[in-house]
Structure formats: structure tokens, C-alpha cells
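Shown next, in C-alpha cells, is the structure this report addresses.
For the numbers below, each heavy atom of this structure counts, side chains included, while hydrogens, waters and symmetry mates do not. Please read these numbers as outputs of a predicted model, since none were measured by experiment. Below, chain A is the first sequence line, B the second, and so on; all start at residue 1.
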Amino acid sequence: MIETMRPPQNIRREIIDVPCDDARLALHVWRPQHTKGAVFYFHGLQSHAGWLWEVGPRFADNDIAFFVLDRRGSGISPGPRHELPGADTLLDDYARAVAAVRQTIGESTPLTLFGHCLGGSFLAALLCDDGFTTSYDSAVFCSSWLGRMHATLGVEERAALATGPGTELWDAGLRSSDFTDEVKYRHFIDNDDLAVRQVTRRSRAVLLDLERRYLDPARRPRAVPSATFVSGMTDPIVDLDAAHSVFQQLVSGRGAQMKFPTDKHYLFYTGVSDDLVDWTSTHTLLQGVNRGA
Amino acid sequence: MNTQPTSQNAPTSQDDQWQNHWQARRDPFFQECLAARQDLLADLKDPAAAQARVLADLIDIGAGSLHWKEQGYDAVVADPSTFRSVLPVMRYDDYAEQIDRETRTKGGVLSCSPVLRWLKTSGTTGTPKRVPYTLHWLLKYRIPAMKAMWGTYLELHPEILAHPWATLDTQTVREDVYDFVHGVEHQAISNRHPQINSRDWNPPWYTSPWFGPDTPTSHSGRMYHRVRHLVGRQLHYISAINPSTLVSLRDLIAEFGADLVRDLREGTLEGRPYAEPDEVAARHLEGVLAQDEFSLVDVWPSLTLYSCWLSASAELYRPRLEAVLPGVAKLPFMSCGTEGVTTIPVDDTLDSQPLAVSQAYFEFVPAEVPLGELLDAGERIETLLHDEVEAGRDYHLIMSQGNGHARLWTGDIYRVDRIVDGTPWVHFTHRDGVFHSFTGEKITEGQVTQAIRQGLAAGGLDTGLYMCGPRWGGLPSYAVVVEVPSPAEELDRELSAGIDRELSTINIEYASKRDSSRLAGLRVRTVRQGAIAAYVESRRQQGNSTQYKYKPFQRDSDFVEAVLTH
């Protein structure tokens with residue numbers, strides 16, 4: 001558990017190569033002196049590990065090793081911008097990275113998989129993927145509109161998207177004002193030259209494919225040990241009711257829902273950030289309690 | 001030590017918070033500083049062990065970084081003695097690409113520690129530098145250095161913690177930051193706001209009303225608040241970095257004396273209700289202001305100590321400091337820059353301090369070696385370690401710091417004064433390539449040239465011969481003479497303002513010193529074309545030497561009259 005009486009600790013910040021077939025992806029880690037738990041973070045469409053410069057150190061100061069994989073084409077990882085690889089490649093990358101994290105922290109350290117926004121969709125698909133066999137202890141979906149494309153696109157639109165090869169760019173229409181009220185962070189988001197704000201039509205088909213994989217009732221994940229959906233009270237980007245519904249289907253109705261007092265989308269750039277990190281930290285650590293000892 | 005506010009006014013409810021903080025932090029701060037001093041003193045007696053420890057730490061924090069792995073520097077893990085043969089000597093600009101990457105990742109590129117801030121200081125081309133301020137550097141180096149220095153101050157002058165109004169600390173400011181690099185604050189190292197965590201710099205006066213971010217950000221505004229809060233109190237100590245700050249403090253009291261007296265008498269701060277009226281203090285200050293050449297000791301008879309830089313060009317301020325602070329004991333500030341700490345005072349020696357062997361891994365190159373040329377030519381640089389330097393000689397300083405700046409050529413020249421217990425005692429003499437610095441502005445010849453060129457161009461004039469030199473006075477400044485087709489007083493004024501503006505843009509430290517009235521504006525005198533050439537020729541003939549050359553940069557401003565009257 002967290003040592004509450006010690007002063008802030010000297011944590012490490014490292015960037016590790018994860019070999020994934022033809023690429024070496026950047027796995028970012030903020031590491032405490034003694035790791036008691038770990039969080040693997042799935043970033044969203046435009047963000048990357050460089051967005052978490054305040055979140056990572058706080059997790060690590062809570063004795064939680066915090067890992068973020070820059071997806072192919074995101075952050076400092078190689079790969080064409082605006083382009084997602086196929087769903088199989090994408091999930092294979094994540095599976096390898098999570099396996100590498102598990103190997104690093106050891107089998108007995110509790111591990112939370114944390115998907116933010118679109119990262120929640122990647123996480124959901126990974127949990128339903130037969131190729132993902134690494135043990136984990138809890139899953140957190142944060143401000144994730146699970147099943148968004150199926151909820152907002154008609155059957156014909158989805159069919160057209162799935163079959164059309166297009167390289168034309170689609171603008172996600174993300175506005176920093178939906179993410180946060182704070183000028184500092186809005187300025188950062190608006191000027192982040194590593195952010196991906198557009199993806200190809202082809203990439204959208206990949207996203208649709210991923211959704212199918214976790215919306216298919218025949219492909220439910222193995223029992224999720226602990227699942228929580230976290231968001232603000234409202235979200236300017238996400239239909240929370242729709243997202244909650246898909247989340248509960250995914251975890252067989254056993255998921256917890258938690259709301260923090262903000263109406264913005266990117267909780268880590270709001271006043272609830274520290275509370276969210278602290279809750280996730282304690283939640284992760286508690287998964288490691290050996291009740292049978 | 002006395003823990004009570006002796007003769008001071010009792011705290012009111014509005015004062016409770018900062019005074020409680022002062023009381024709560026006083027003893028821990030005292031102990032932390034003395035402990036850091038003891039650690040430093042122990043290292044100074046065994047510098048080889050300290051340097052080996054620092055090198056091991058630098059390798060530990062560096063080896064896993066992207067830059068080290070990509071360049072193969074991590075090979076030194078197997079044999080630390082290869083550090084100097086594997087890693088190259090670097091200038092700040094050589095790190096530009098890696099720093100650019102690091103601004104996006106906020107750590108992991110140059111070292112395995114999160115970057116918490118980017119430290120801002122003037123660069124060579126007018127673009128402020130971005131020096132990574134990492135958690136590791138903060139915890140293991142920068143804060144311990146501050147504490148060790150204050151440990152020396154406290155050891156020698158414990159009265160500086162006698163009560164909450166005993167110390168006026170101008171070394172540090174707390175200002176809100178509005179400049180960011182990819183979301184991370186970009187600020188001067190002297191701005192220690194906001195506090196990063198509880199192990200960040202936290203002196204007892206951290207929340208004092210004259211120290212916090214609510215004070216005005218202008219130099220005169222902040223100074224006025226400091227004085228208003230402390231005048232009439234038993235002030236013992238004024239801490240500064242630049243001696244010019246102390247001189248300007250006295251000048252500010254002279255300039256705003258009437259306002260201070262009124263605020264004291266009416267219990268206001270800049271006219272707004274603030275405290276109980278203090279007629280006694282008002283009368284005392286009135287009496288002081290009536291003296292033509294009052295000193296800060298007249299304002300605060302309780303003063304027992306001041307500290308600031310007192311060597312190199314700062315030494316030229318000593319006569320002025322003697323006038324402003326007569327009979328007051330003085331201690332030196334550490335030799336340091338944004339890039340790192342070089343020396344830390346351990347006693348009251350003014351002209352030399354021990355190399356801070358626990359702060360960085362230090363290397364030296366004899367000053368006569370043209371280091372810049374060798375680096376430009378890509379040549380290997382042979383360096384000396386702390387136990388290979390000789391007393392009486394000057395050296396370029398190369399240091400490896402815990403923020404990932406390994407083998408950084410600082411551009412500073414240090415003289416080794418003596419060796420004590422194996423540790424060199426050194427003092428800063430000048431910056432390689434710097435033309436002059438009155439008060440930390442570190443003007444280079446290139447910057448002056450660029451400012452003159454741009455200032456003249458703005459007026460539609462080509463750049464011909466010019467001369468520039470420092471002019472000492474109550475408020476120092478730079479004097480410039482330029483050749484133009486039609487000299488005129490009006491043009492002098494225009495060019496003075498224009499070139500001063502350009503120099504302020506190019507050198508942010510110069511701008512800061514101008515804004516805080518520690519430097520007067522640069523003054524330009526225009527002369528007819530050929531006037532400087534004629535003056536140079538006359539000097540050559542006077543000296544009967546073929547060696548006399550046109551030197552645009554002079555050590556003083558005597559040339560102004562000489563050129564004008566030639």
C-alpha cells in the first residue's frame with residue numbers, strides 16, 4: 001500500500017523500445033523507486049504519451065509504474081501519421097506491449113489497463129482478442145464512447161466505410177475547448193505538432209472493425225476481473241448513456257460507474273486530474289491485496 | 001535561537017497564515033540547511049569520492065535515455081572511466097535537437113527523469129535557452145546546493161532567522177508563469193513558483209506577503225512592496241544575487257521615500273489599507289530621507305549581513321556597496337548559472353569558493369586553448385580533472401549536470417586560486433566571448449554588433465565603423481559611437497532608443513536589467529564618417545606601433561570623448 005508519511009520520491013522517466021514486427025514502438029514509463037502496481041494507458045486519437053507529463057509523475061509518486069504506448073503513427077513512434085494499421089496489427093502491438101509490461105513488473109504486481117476516449121475502444125477490442133493472453137487485474141474505461149460508430153452511423157454508411165479503401169482525410173473535429181477550460185492546456189493541445197487530428201477513411205474502417213470485435217456478443221472477453229467506467233458528470237464529446245450501455249454489455253453487467261465533478265472530456269486537464277490519478281492508484285493497489293494470506 | 005517575534009508586532013489574523021508557515025518551517029529549514037552544509041564539507045574533504053559518486057549518478061540517470069542509447073553512450077555503464085572518451089564535449093547549441101525532442105516527451109530523451117520546467121536564460125542568438133529542470137536535478141542537486149549555501153549563511157549569522165521580518169530575500173521570486181513549451185512552464189531559475197512538491201525550495205518566508213506571487217512583477221513595484229513590509233522592522237539580512245539589486249534598493253527608497261512615509265503613517269500599502277499606522281517608523285524614515293547620502297543602515301540600523309556576487313565584474317560594485325551598506329558584514333553568493341552550480345560558499349571568503357564537487361562532474365581545459373575553434377574543427381578535447389588543475393591558472397569549465405547536459409562547455413573561465421584538501425578553490429573571471437557584464441547581462445560582441453546593425457538599418461543607415469564600451473556611473477550603461485553620413489543630436493536620440501531596443505530583444509537579461517532600472521539606456525553618439533578611422537590612426541601614430549588595431553569593443557568609455565574631440 002502507499003506509504004503516506006514519506007516525502008515525494010525521485011521517480012524515473014524512461015522511453016523503452018517495444019519490437020513489434022517491422023517497427024520499434026515507443027513505450028513511455030514513469031517508474032517509482034519501488035513498484036507496487038502498474039497502469040497501462042491506451043491513448044486516444046490525437047493524444048500521445050507527451051500529454052501525460054503531469055499524470056505520469058503523480059502515478060509514480062503513488063508507487064504506480066505508469067506505461068503509455070505511443071501507437072504506430074502517434075507520438076514519437078514510427079508509422080505514417082493519419083493512418084491506422086489493420087486491426088490485427090494494432091491489437092498485436094498492444095498485446096506485445098502489455099506483455100512486455102507484465103514481464104517487467106512481474107506476475108504478482110497488480111496491473112490496470114486504462115483506456116481513454118478512443119483508447120477505450122482499443123482496450124475493449126484487445127480484451128476480446130484471442131491473441132491477448134496477458135494477465136491483468138482491472139480495466140478502466142475513461143470518457144470512452146464505446147461503440148460510437150455503430151451508434152452514430154447508419155447501416156449503409158458503415159457498409160460504405162468498411163468497403164471503401166479511401167486515403168482521403170477525415171477531420172475528427174476535436175476542439176480543445178471540449179477537452180478543458182484551462183488556457184495552459186488548450187494552448188498546448190492547439191499547438192501540439194505531434195497530435196493526430198485527422199485520419200484516413202481507411203483508418204476509420206479499422207476503427208469500425210475494432211468496434212465490431214467487441215460489440216459481437218459471440219466475442220465477449222474472458223471474465224474481466226474488475227471493470228470501471230469513469231467520466232465527468234457530463235461529456236461534450238461522449239454520449240455517456242450509450243457508452244455505459246455498451247460498457248455493461250462488455251463486462252456482463254458487472255461494471256462500476258464513476259463520475260468526477262467536471263463537464264469536460266479530458267479529465268486529466270481539469271481540476272479532477274489528481275483525484276482521478278489517486279483513485280486509479282488506490283484501485284490498482286487494492287487489486288494486489290492477497291485476501292487469502 | 002529566539003523563536004518569538006521579539007520586538008515585532010504581534011500577528012493579526014490576516015498575518016497568521018504566513019507567520020505560522022514561518023514558525024513551522026524555521027527549525028526544519030535551519031536543520032536541513034546545516035545538514036546540507038555538513039554533507040558539502042565532507043565532500044570537500046574527499047573530492048575524488050564525491051566526483052566518482054556524481055559520475056556514477058550521471059551515468060545511472062543518463063544511460064537509459066534515448067540520446068545515450070542512440071549514440072552508444074550507454075557503453076560507459078560497463079566502465080565509467082571511459083566517460084570522457086565516449087561522450088563528446090558539447091555546447092548548448094549542440095543539444096538543440098535533443099532538447100527539441102525532450103520538449104515533446106518531457107523526459108526520457110536526455111536523461112531518465114521527468115522534465116518539470118524549462119529554465120529560461122539568454123542564448124547567444126536572442127532566442128532564450130531551454131534548460132531542462134528535471135525532478136532528479138531538483139532533488140539531488142539544485143535544492144541541496146541552495147540549502148548548503150544557506151547553511152553557511154545560517155552557521156555564520158543565525159540572526160537571519162531570529163524572527164519573520166529578519167530576512168529580505170531577493171534571490172528568489174515567485175511569479176505566475178505565462179510562457180510554456182509544449183505545455184510545460186518556461187521560467188527563470190530564480191522564479192521558484194509554483195512549488196513543485198514539498199521537497200522544492202521552501203524557506204520560512206516562502207508565503208510572506210512580500211515574497212509571494214501577489215506582489216507586483218515589475219522590479220520597482222516588487223521592491224516597493226518588500227520595503228513597505230519590512231521598513232520599521234528589525235531587518236538583519238538582505239540577500240541578493242547581483243550587487244546592483246542592493247544599490248537599486250537604496251535608490252528606490254530615495255525615489256519613493258515620500259510614498260513610503262505616507263503609507264507607514266496611514267497604515268496603507270500603496271494607499272490601500274494594510275496595517276496599523278506606524279508613526280514611529282514614519283518619522284524615522286523621514287529623518288533618514290532628509291540625509292543627502294543616506295544608507296540602508298540608516299533605514300535599518302539592525303542590518304548585520306548582506307550577500308551577493310562579489311567577485312569578477314561584481315567586484316567593481318564594492319565601493320558602492322560600502323557606501324550603501326557601511327559596516328555590514330557580507331557573504332558571497334554561489335557561482336552558478338541556469339546551467340548549474342559551480343561553487344558554494346563555505347565561509348566568509350569573498351574572492352574564492354570551493355568547487356562544488358557534489359554538484360556536477362567537472363572538467364577543465366587551460367583558458368589559452370581555443371576551445372571553440374577545436375570544437376568547430378571537430379577535434380578531440382583533452383581535459384583535466386579536479387585533481388589535475390594548478391593554482392594560479394585560468395581554465396575553461398566543462399561540466400556534466402544531473403539534468404542530462406553531459407560534458408557541457410559552459411563558456412565560463414575560472415581561475416584556480418588554491419587547492420585545499422584536494423579541492424580546488426576557484427573564482428569566476430569572465431565568460432569566453434563575452435564583451436562585458438555589469439550585472440549579469442553577459443553582453444557578447446556578437447549581440448552588440450547585431451543590435452547596432454539592426455538599429456542603424458531601421459533608420460535606413462548602413463553599418464560603418466563603431467565603438468562600444470561600458471560606462472560606469474550611478475547607473476551603469478553602454479556607450480556607443482557610430483559613423484554616419486550626417487551626425488546630429490536628434491539622430492543620437494533615435495539610434496540610442498533603437499539600438500537599446502534591439503539589444504533588449506536580443507539579450508533578455510539585458511532587457512531585464514533595463515526594466516528593473518539596474519542599467520541605464522545605451523547611449524549613442526553619431527560622428528562623421530571617417531572620424532573613428534582618424535582616431536584609430538592617431539592612436540597608432542601616438543603609440544608608434546604597427547600593432548595598434550581598430551577594436552570596436554573597449555574596456556571603458558574613454559574613447560567617446562577621445563573620438564569626439566579628435
Side-chain angles (χ1 to χ4, degrees), chain A residues 4-17 24 26-33 47-62 66-68 70 74-77 104 176 179-180 182-195 266 268-269 273-274, chain B residues 28 32 57 60-70 74 98 100-118 132-144 176-186 194-200 202 402-404:
Chain A
T4 56
M5 298 303 287
R6 61 157 173 74
Q9 60 178 302
N10 190 1
I11 63 151
R12 288 177 77 92
R13 161 83 171 96
E14 296 169 29
I15 302 169
I16 301 162
D17 279 350
R24 301 181 73 82
L27 178 63
H28 301 252
V29 55
W30 287 262
R31 198 195 304 269
Q33 289 175 5
S47 69
H48 51 88
W51 283 40
L52 297 153
W53 74 92
E54 292 166 325
V55 173
R58 189 172 179 98
F59 267 117
D61 199 45
N62 288 346
F66 184 65
F67 295 87
V68 187
D70 275 345
S74 288
I76 62 169
S77 279
T104 301
S176 60
F179 280 55
T180 175
E182 295 197 31
V183 173
K184 161 182 158 177
Y185 298 116
R186 285 175 64 173
H187 182 267
F188 164 65
I189 293 171
D190 291 338
N191 294 280
D192 178 19
D193 50 12
L194 290 184
Y266 199 69
F268 292 120
Y269 288 174
S273 176
D274 287 350
Chain B
E32 290 163 15
D57 184 59
D60 179 61
I61 202 71
S65 69
L66 286 188
H67 180 56
W68 280 49
K69 288 188 286 191
E70 289 163 358
D74 50 347
Q98 305 309 326
D100 218 40
R101 294 171 75 191
E102 190 92 287
T103 60
R104 287 163 176 80
T105 62
K106 292 94 168 173
V109 172
L110 281 168
S111 79
C112 295
S113 184
V115 176
L116 309 171
R117 284 178 185 156
W118 292 97
Y133 195 52
T134 66
L135 180 64
H136 186 72
W137 204 33
L138 168 108
L139 294 177
K140 292 206 66 165
Y141 296 97
R142 299 304 303 239
I143 296 302
D176 291 326
V177 179
Y178 302 101
D179 189 8
F180 299 91
V181 181
H182 292 291
V184 175
E185 286 79 357
H186 191 201
Q195 218 165 36
I196 287 167
N197 62 37
S198 62
R199 293 169 73 184
D200 198 356
N202 186 15
N403 65 343

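Most heavy-atom pairs under 4.5 Å with chain A, from the set B/V115, B/T105, B/L116, B/L138: that is B/T105. Considering only heavy-atom pairs separated by less than 4.5 Å from chain B, the leading option among A/V183, A/D192, A/D193 is A/D193.
Atom-to-atom distance recorded for A/E14:CD and B/K69:NZ is 7.0 Å, nearest 0.5 angstrom. Once rounded to the nearest 0.5 Å, the distance linking CD of B/E70 with CG of A/D17 reads 8.5 Å. Separating the CG atom in B/D179 from the NE2 atom in A/H187 is a distance of 9.0 Å, to the nearest 0.5 Å. Atom CG in A/N10 sits 5.0 Å away from atom CG in B/L139 (nearest 0.5 Å). To the nearest 0.5 Å, atoms NE2 (B/H67) and CD1 (A/I15) are separated by 13.0 Å.
Heavy-atom distances place both the backbone and the side chain of A/P8 under 4.5 Å from chain B. Heavy atoms of B/T134 lying under 4.5 Å from chain A are absent altogether. Contact of B/S198 with chain A is made through backbone and side chain together, with heavy-atom distances under 4.5 Å. Residue A/E182 does not touch chain B at all, counting heavy-atom pairs closer than 4.5 Å. If you measure heavy-atom distances from A/I76 to chain B, the contacts under 4.5 Å come from the side chain alone. B/D60 touches chain A through backbone and side chain together, each having a heavy atom under 4.5 Å away. Only the side chain of A/L194 comes within contact range of chain B, judged by heavy atoms closer than 4.5 Å. Contact of A/N191 with chain B is made through the backbone alone, with heavy-atom distances under 4.5 Å.
Residues A/R12 and B/I61 are in side-chain contact: their nearest non-hydrogen atoms beyond the backbone lie under 4.5 Å apart. Between B/R104 and A/H48, the closest side-chain pair of non-hydrogen atoms is not below 4.5 Å. For the pair B/V177 and A/K184, the minimum side-chain heavy-atom distance is 4.5 Å or more.
The only member of B/S113, B/C112, B/P114 that meets side-chain contact (heavy atoms from CB on, under 4.5 Å) when paired with A/I11 is B/P114.
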